[in-house]
Amino acid sequence: MSKSKHKSKKPDPFPAFLQSKLRLFLSVDLVGSTAFKQRALEETRSVSGSRIYSYWLEVVTEFYRKIDELFFEEWDNLASAQNSGALQRGERPVFWKTLGDELLYTKVLTHHSEALTCLYAWIKAVGRYKDSLKEKSLLSQLSVKCTAWLAGFPINNSEVIVSTQGNPISPIAGTDHVFENMTLLDNWYNQSAKIKREGVLDFVGPSIDIGFRLAGHSTKRKMAISVELALLAVSAQFNAIAPDNHKPLRIFYGGGTALKGVLDGEPYPWFWIDLSRDDERNTLEENLFSDNKEAIKTFCLSFFEGHPDFVKPYICGGNDNLFHDRPKSHPDLQQALLSGWTDYRKKIAEEAEALKHDSDASARSGDPAGIDQVLDDLPR
């Protein structure tokens with residue numbers, strides 16, 4: 001094994017919240033739900049509608065539960081494929097959040113083929129859910145559309161800790177919001193699994209925005225994916241054999257399209273995964289598409305070379321040649337974040353200690369301005 005490969009396997013030297021992470025994001029949206037709910041509400045005006053009203057609510061809540069159930073069932077079914085045909089699974093994906101009738105999941109990738117494995121499970125689960133809708137005549141007008149993309153952290157995109165109902169966060173007195181978030185992230189990553197973490201993990205940044213923009217190009221057939229994910233997926237398919245009961249992904253170029261706030265209006269190249277079944281495809285239409293994996297890979301690499309603001313996806317500690325090199329500036333930027341955080345932490349601690357030992361302040365209060373709490377909140 002070469003020296004460079006040994007280097008790539010070194011653990012990330014930064015604390016967990018500042019370590020490089022490549023995340024896969026998956027979105028599924030219930031299509032036609034607004035019209036379905038509106039129609040149900042209109043019918044309640046002419047009949048005893050309590051059951052009709054509850055029926056649309058039942059449909060939406062079943063969507064929440066069923067997607068989750070099917071996704072993780074298919075994920076577990078792929079366990080035997082982890083070391084088969086160069087496919088790897090890594091850690092289980094996790095639920096991120098809901099946005100109305102949209103469900104979002106995420107997964108940290110430790111090898112590029114894990115993205116392909118996750119997509120196999122996701123597409124199979126979504127297909128099974130579509131079939132369940134077709135079996136119910138009242139739901140025949142409903143379907144789903146999917147989107148998927150990648151985002152790298154902590155450079156270019158950021159993890160944040162936010163409060164939710166029932167899971168608030170305690171502000172750290174005397175700090176700015178960036179420092180506070182870094183401290184909350186450090187506490188979140190280092191919290192014992194047996195202790196409830198404070199707040200919930202959320203994600204912000206340009207790549208997250210692009211993912212939501214791409215959702216506008218998804219249809220029942222076309223699962224829009226980012227250029228980064230297209231590169232990972234086609235690269236993995238060169239070496240991976242599709243697991244039993246799964247067909248190789250068919251990835252097509254969707255063309256260049258202007259996405260609001262992206263590339264200053266220059267067309268962004270997006271791709272899509274074909275979610276249609278064999279019996280749903282039109283042979284003549286198929287001739288208009290090309291899923292040439294080599295051409296897609298070459299195009300994506302060319303895009304990253306010509307657009308330095310877009311980072312070719314990388315996985316620290318990965319053992320594949322194409323995806324283990326990170327930009328030379330990223331470790332320096334991570335170190336700058338770490339230095340800023342530790343310097344500010346030291347400053348706050350020194351100010352708190354000085355105030356605590358101020359005799360006049362101590363005379364007025366045994367714990368002036370909650371200084372003991374400030375010191376307790378600071379990471380060790």
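Using bins of under 30°, 30° to 60° and over 60° for the plane-to-plane angle, the ring pair Phe303/His307 lands in the parallel bin. Phe310 and Tyr268 have tilted rings, their planes meeting at an angle from 30° to 60° on a 0 to 90° scale. Between Phe63 and Tyr129, the angle of the ring planes lies from 30° to 60°, which puts this pair in the tilted group. The aromatic rings of Tyr253 and Phe271 sit tilted, their planes meeting at an angle between 30° and 60°. Between Phe203 and Trp96, the ring planes are perpendicular. Angles over 60° get that label, and only those under 30° would be called parallel.
Checked for salt-bridge contact, Arg92 and Asp76 meet the test: a charged N lies under 4.0 Å from a carboxylate O. With respect to Glu91 and Lys107, no salt bridge is recorded, no charged nitrogen being found less than 4.0 Å from a carboxylate O. A salt bridge does not link Arg65 to Glu62: none of the charged nitrogens lies less than 4.0 Å from a carboxylate oxygen. Salt-bridge annotation for Glu228 and Lys312: absent, with no side-chain N of the basic residue lying under 4.0 Å from a carboxylate O of the acidic one. Here Asp274 does not pair with Lys222 in a salt bridge; the nearest charged N to carboxylate O distance is not below 4.0 Å.
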ask   = Can Tyr314 and His330 be said to form a ring-ring contact (aromatic ring centres under 6.0 Å, His included), step by step?
value = CA-CA 11 Å; Tyr314 66 87; His330 280 204; 5.6 Å; yes
message = salt bridge (Lys or Arg N to Asp or Glu O under 4.0 Å) for Lys66 and Glu69? Distances and angles first, verdict last.
response = CA-CA 5 Å; Lys66 201 67 177 176; Glu69 173 190 329; 3.8 Å; yes
ask   = Please walk me through it: do Trp341 and Phe17 pass side chain to side chain contact (heavy atoms under 4.5 Å, CB included)?
value = CA-CA 12 Å; Trp341 180 63; Phe17 78 98; 3.8 Å; yes
message = Please evaluate residues Ile155 and Gln334 with respect to the criterion side chain to side chain contact (heavy atoms under 4.5 Å, CB included), reporting the C-alpha separation (whole Å), side-chain torsions for both, the decisive distance (0.1 Å), and the verdict.
response = CA-CA 7 Å; Ile155 309 303; Gln334 287 170 275; 4.0 Å; yes
request  = Could you walk me through whether Trp270 and Phe252 pass ring-ring contact (aromatic ring centres under 6.0 Å, His included), step by step?
outcome  = CA-CA 9 Å; Trp270 67 284; Phe252 301 102; over 10 Å; no
message = Show, in sequence, the C-alpha distance, side-chain angles and deciding distance for Phe95 and Phe71, and conclude whether the side chain to side chain contact (heavy atoms under 4.5 Å, CB included) test is met.
response = CA-CA 10 Å; Phe95 173 75; Phe71 182 30; over 6 Å; no
inquiry  = One pair to check against side chain to side chain contact (heavy atoms under 4.5 Å, CB included): Ile169 and Val162. What are the steps and the verdict?
reply    = CA-CA 7 Å; Ile169 57 176; Val162 297; over 6 Å; no
key: Stepwise side chain to side chain donor-acceptor pair (under 3.5 Å) test for Arg345 and Thr183   = CA-CA 9 Å; Arg345 178 182 62 179; Thr183 302; over 6 Å; no
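Between Val126 and Val144, some side-chain heavy-atom pair lies under the 4.5 Å cut-off. No side-chain heavy atom of Lys145 sits less than 4.5 Å from a side-chain heavy atom of Thr219. Contact annotation: the side chain of Gln19 never approaches that of Cys316 to less than 4.5 Å [non-hydrogen atoms, C-beta and beyond].
Between the side chain of Glu353 and the main chain of Ala349, no donor-acceptor pair closer than 3.5 Å is present. Remark: the backbone N or O of Cys118 is not paired with any side-chain donor or acceptor of Arg89 at under 3.5 angstrom. The closest donor-acceptor contact from the side chain of Asn157 to the backbone of Phe153 lies at 3.5 Å or more, if one exists at all. Ser339 places no side-chain N or O within donor-acceptor distance of the main-chain N or O of Ala336, the cut-off being under 3.5 Å. With hydrogens and angles disregarded, no donor-acceptor distance shorter than 3.5 Å links the side chain of Thr147 to the backbone of Leu214. A donor-acceptor pair under 3.5 Å links the side-chain atoms of Thr106 to the main chain of Leu24, judged by distance alone. Judged purely by atom type and a 3.5 angstrom limit, Thr298 has no side-chain atom pairing as donor or acceptor with the backbone of Ala295.
For the atom pair CG (Leu18) and CG (Asp186), the distance works out to 8.5 Å, reported to the nearest 0.5 Å.
A search for salt bridge (charged side-chain N to carboxylate O under 4.0 Å, His left out) contacts involving Lys21 returns Glu159, not counting sequence neighbours.
Nearest heavy-atom pair across Ser143 and Leu133 is CA-CD1, 3.8 Å. The shortest non-hydrogen separation linking Val227 to Pro269 is CB-O, 3.7 Å. Nearest heavy atoms, Leu201 versus Leu185: CD1-CD2, 3.6 Å. Minimum heavy-atom separation, Leu231 to Cys300: CB-CB, 3.9 Å. Looking at every heavy atom in both residues, Ser218 comes nearest to Cys146 through OG-O, 2.7 Å. Listed here is the closest heavy atom pair of Trp188 and Gly199: NE1-O, 3.9 Å.
Under a hydrophobic clustering in which Ile, Leu, Val, Met, Phe, Trp and Tyr are joined whenever their side-chain heavy atoms come within less than 4.5 Å, directly or via other members, Phe14 and Val108 fall into different clusters. No continuous path of hydrophobic side-chain contacts links Leu104 to Val204 [ILVMFWY only; heavy atoms under 4.5 Å]. Cluster annotation: Leu322 and Phe304 are assigned to the same hydrophobic cluster (Ile/Leu/Val/Met/Phe/Trp/Tyr, side-chain heavy-atom contacts under 4.5 Å, transitive).
Residue Lys130 qualifies as enclosed at atom NZ: its count of foreign heavy atoms under 6.0 Å is above 12. Within 6.0 Å of CG on Asp131 lie more than 12 heavy atoms contributed by other residues, nucleotides or ligands. In this structure, Lys220 places its NZ atom where only 12 or fewer heavy-atom neighbours from other residues, nucleotides or ligands lie under 6.0 Å away.
Side-chain contact check for Asp176 and Tyr344: no donor-acceptor pair (N or O, by modelled atom type) lies under 3.5 Å. Checked by atom type, the side-chain pair Gln88/Ser113 shows no donor-acceptor distance below 3.5 Å. No side-chain N or O of Glu102 forms a donor-acceptor pair with one of Thr98 less than 3.5 Å apart.
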